[in-house]
Amino acid sequence: MPTQANPAVNLNLVLDQVAKDKGIERSVLIATLEDAMKTAAKKHFGQDRNLEAKYDVEKGVVELFQAITVVEEITDPVQAVNQITMAESHKKGMEVEPGDELVFQIFYRDEDAAEAKAQDDQYGDILRLKTFRRGFGRIAAQTAKQVILQRTRDAERENVFNEYRDRKNEIVTGIARRFERGNIIVDLGRAEAVLPVREQVPRETYRPGDRVQAYVLDVLRESKGPQIVLSRASVNLLTKLFEMEVPEIAEGIVVIEAAAREPGGRAKIAVSSRDSDVDPVGACVGMKGSRVQAVVQELRGEKIDIVPFDEDPARFVCSALAPAEVSRVIIDEANHAMELIVPDDQLSLAIGRRGQNVRLAAQLTGWKLDINSESRVREMREFANRSLGSLPGVNEMLIETLYAHGFRQAKDVAEANAEVVAQIPGIDPARIPAMQEAARKRMAEDHAELSRMDYEREQARLAEARRHPDELSQAERMARVRGVGEKTIEQLMLAGYRTVEDIANEKDLAKLGDVPGVGIKKARQLKSAAENYLVEEAKLRAELNAERGTMTPPAEPSGGADVTKSP
């Protein structure tokens, strides 16, 4: 930038160009320039001087002025530089009155040297500027340059902040540039954003130059400029991606009522429709799964369950637990909890790997969920009959009442508030102390029995899991495939899919979904699960054969009882 000491300099050109290129108001630039020049002048000429800076639009320069007040007598030495007595002013031929203000321009540019000399000759003893003028032209030019550059940087930061502040809660796309302590710095074009470690998906990796699509989590105003915080782990990224892929959601016809996500693993969304003619689940899935697959691809293969929202919490929870089937639901409104009873072969499916399915369902619905198999419920009920029936004065009818009120064993009675127990129909308040005392004595026996039952159950599970595949019927083999229950087995066998191999070898997914009536999404899950099962089955067969010391080739599974007869 040319210096102001050069007579050819005109700041108008610079201000116009900066205002145009950077989108800064010209008036803002001028006001900032005047303030900076006044500050620089005070440092150079003296802090006590009453100086003002004013931009001359015609000349394109910042002019400096000093105001001097006329007084009868100077009483404050500090203010002497800004005051002149009546006597001195009369000597200079000025017709003034006490209190009048005289304004003198300070000539500091090289091209104003003649005016400066004339001023010093006439008013030098008043202004006392001669020794200060030297060098200020260079300082003024440097100050102007610094002010314009700094104001330009500030304006750019402000513009970026305002732009991305309005884009908060949206999805942006950028390029990964570098890594800082695990954080990924993403180039968004006009600005850089940060994808913190805590907002990254554990199994996702990036290299410099990779495309990054992320959710704008926050925009912070920092001293070094705005900081744009991105997220790949937020559940809002999931919902925004569906808004982009599903026009019905963008138009408000289909609404995402709730969403839950474990980044990199699985996600669930609940959708409803404002139009009875629009299927919300179908709209999100798209033709042949195109829409949901686009979201899955962007989330690097994260599995997504789309379930219909229902105002009835029990139905909603049952849908949220898909693909598992629920037999019964027991609702505890007071604790906002539900006990879900599922068929034995659906228990592991309902719970999911490491509890993922039930955990996501609980997040999606907002209910506390407790899942038990039908055999487990029967076992618990029999145990409750023994435990509660051992208490004095408790008959079969009272056991039913206690069980309905959430009492599952003697320990529950022992630890309950006596006033709560007294409110249960059929209980004599006078007998509660004796009942609770007996319950406390029963607790140790119940604990030992529960431990024994848990041990036996685990041993039975391990034994069942280690059964040789050749000893299983086709129906039993199919039941071990993830996502296959009794109803699904019946549907598959009626459609001609009688073995796990039939499912795994089916190349036409549309046929696998349409003929049994399970749908294309379920068919895709079944085929993948069947292929995985065959791999695991082969490993187990080889392991068991090695333990038994047999080298026999895999035999055809025994023809145990199938669920359905041949059509």
Side-chain angles (χ1 to χ4, degrees), residues 257-262 265-271 281 302-310 312-332 335-381 406 408 453-454 457-458 460-462 464-465 475-492 500 503 516-519 521-530 532-533 536 563:
E257 299 285 355
R261 182 185 178 208
E262 291 194 355
R266 197 177 198 91
K268 291 179 182 284
I269 65 167
V271 292
V281 175
E302 188 173 304
K303 295 179 175 64
I304 301 174
D305 296 331
I306 304 171
V307 301
F309 176 78
D310 200 303
D312 183 343
R315 290 180 181 173
F316 183 28
V317 167
C318 291
S319 298
L321 273 177
E325 300 167 6
V326 179
S327 302
R328 283 180 291 158
V329 179
I330 301 172
I331 301 177
D332 181 359
N335 296 312
H336 203 65
M338 290 190 194
E339 181 181 356
L340 306 171
I341 301 167
V342 300
D344 288 15
D345 59 359
Q346 295 281 301
L347 182 61
S348 61
L349 185 63
I351 294 174
R353 186 175 300 174
R354 293 187 292 274
Q356 186 183 69
N357 193 53
V358 66
R359 192 163 54 247
L360 285 173
Q363 292 176 21
L364 188 72
T365 60
W367 285 76
K368 299 176 185 176
L369 304 180
D370 183 20
I371 299 180
N372 287 302
S373 65
E374 291 179 339
S375 61
R376 173 65 172 159
V377 170
R378 286 194 300 271
E379 190 179 78
M380 290 170 59
R381 184 56 189 269
R408 299 293 187 262
M453 290 167 59
D454 287 342
R457 190 183 307 109
E458 180 63 16
R461 187 190 67 78
L462 292 174
E464 177 62 24
E476 288 173 325
R477 291 179 73 222
M478 293 179 73
R480 293 191 173 200
V481 176
R482 180 178 175 82
V484 178
E486 293 181 5
K487 182 180 178 182
T488 306
I489 294 175
E490 182 178 350
Q491 290 175 286
L492 289 168
V500 179
I503 303 171
V518 296
K521 181 180 177 183
K522 179 77 171 180
R524 188 179 293 107
Q525 293 173 344
L526 290 176
K527 180 174 171 60
S528 176
N532 291 336
Y533 170 79
E536 295 300 322
V563 173

dist Gln356:CD -> Lys303:NZ (nearest 0.5 Å) comes out at 8.5 Å

Side chain to side chain contact (heavy atoms under 4.5 Å, CB included) filter on Ala529, not counting sequence neighbours, yields Val481, Arg482

Looking only at heavy atoms, the pair that brings Ser373 and Asp344 closest together is CB-OD1, 3.4 Å

Sorted by chain and residue number, the side chain to side chain donor-acceptor pair (under 3.5 Å) partners of Lys527 (sequence neighbours excluded) come out as Glu531

By side chain to side chain donor-acceptor pair (under 3.5 Å), Asp454 pairs with (sequence neighbours left out) Arg457

Distance col, row Arg381:CZ vs Arg408:CZ, nearest 0.5 angstrom, shows 8.5 Å

Minimal heavy-atom distance between Ala320 and Thr365, with the atoms involved, is CB-CG2, 3.8 Å

Those residues at least two apart in sequence (or on a different chain) that pass side chain to side chain contact (heavy atoms under 4.5 Å, CB included) with Asp305 are Arg266, Lys268, Asn357, Lys521, Gln525

Just wondering, do Val342 and Ile371 contact through their side chains at under 4.5 Å, heavy atoms?
yes

Could you tabulate the donor-acceptor pairs under 3.5 Å formed by side-chain atoms of residues 322-332, not counting sequence neighbours?
from   : atom 1 : to     : atom 2 : distance (Å)
Ser327 : OG     : Glu374 : OE2    : 2.8
Asp332 : OD1    : Ala334 : N      : 3.3
Asp332 : OD1    : Asn335 : N      : 3.4
Asp332 : OD2    : Asn335 : ND2    : 2.7

Contact check, side chains of Lys368 and Met338, non-hydrogen atoms, under 4.5 Å: no

ask   = So, does Ser528 use its side chain to make a donor-acceptor pair with the main chain of Arg524 at under 3.5 Å?
value = no

Kindly assign one of parallel, tilted or perpendicular to the pair Phe316 and Phe309, based on the angle between their ring planes and the thresholds 30° and 60°.
-> perpendicular

The reported gap from CZ in Arg477 to CD1 in Ile503 (rounded to nearest 0.5 angstrom) is 9.5 Å

dist Met380:CE -> Ser375:OG (nearest 0.5 Å) comes out at 11.0 Å

Point to revise | Derivation and outcome, side chain to side chain contact (heavy atoms under 4.5 Å, CB included), residues Lys522 and Leu526 | key: CA-CA 6 Å; Lys522 179 77 171 180; Leu526 290 176; 4.1 Å; yes

Interatomic distance, CG@Leu347 vs CD1@Ile341, rounded to 0.5 Å, equals 11.5 Å

For Ala479, the side chain to side chain contact (heavy atoms under 4.5 Å, CB included) test, sequence neighbours excluded, returns Ile489

**OP:** Tell me, with the steps shown, if Leu349 and Val484 meet side chain to side chain contact (heavy atoms under 4.5 Å, CB included).
**Re:** CA-CA 9 Å; Leu349 185 63; Val484 178; over 6 Å; no

Separation between CD (Gln363) and CG (Leu369), nearest 0.5 Å, reads 10.5 Å

- Might you work through the side chain to side chain contact (heavy atoms under 4.5 Å, CB included) test for Val281 and Val271, ending with a clear yes or no? CA-CA 7 Å; Val281 175; Val271 292; 4.1 Å; yes

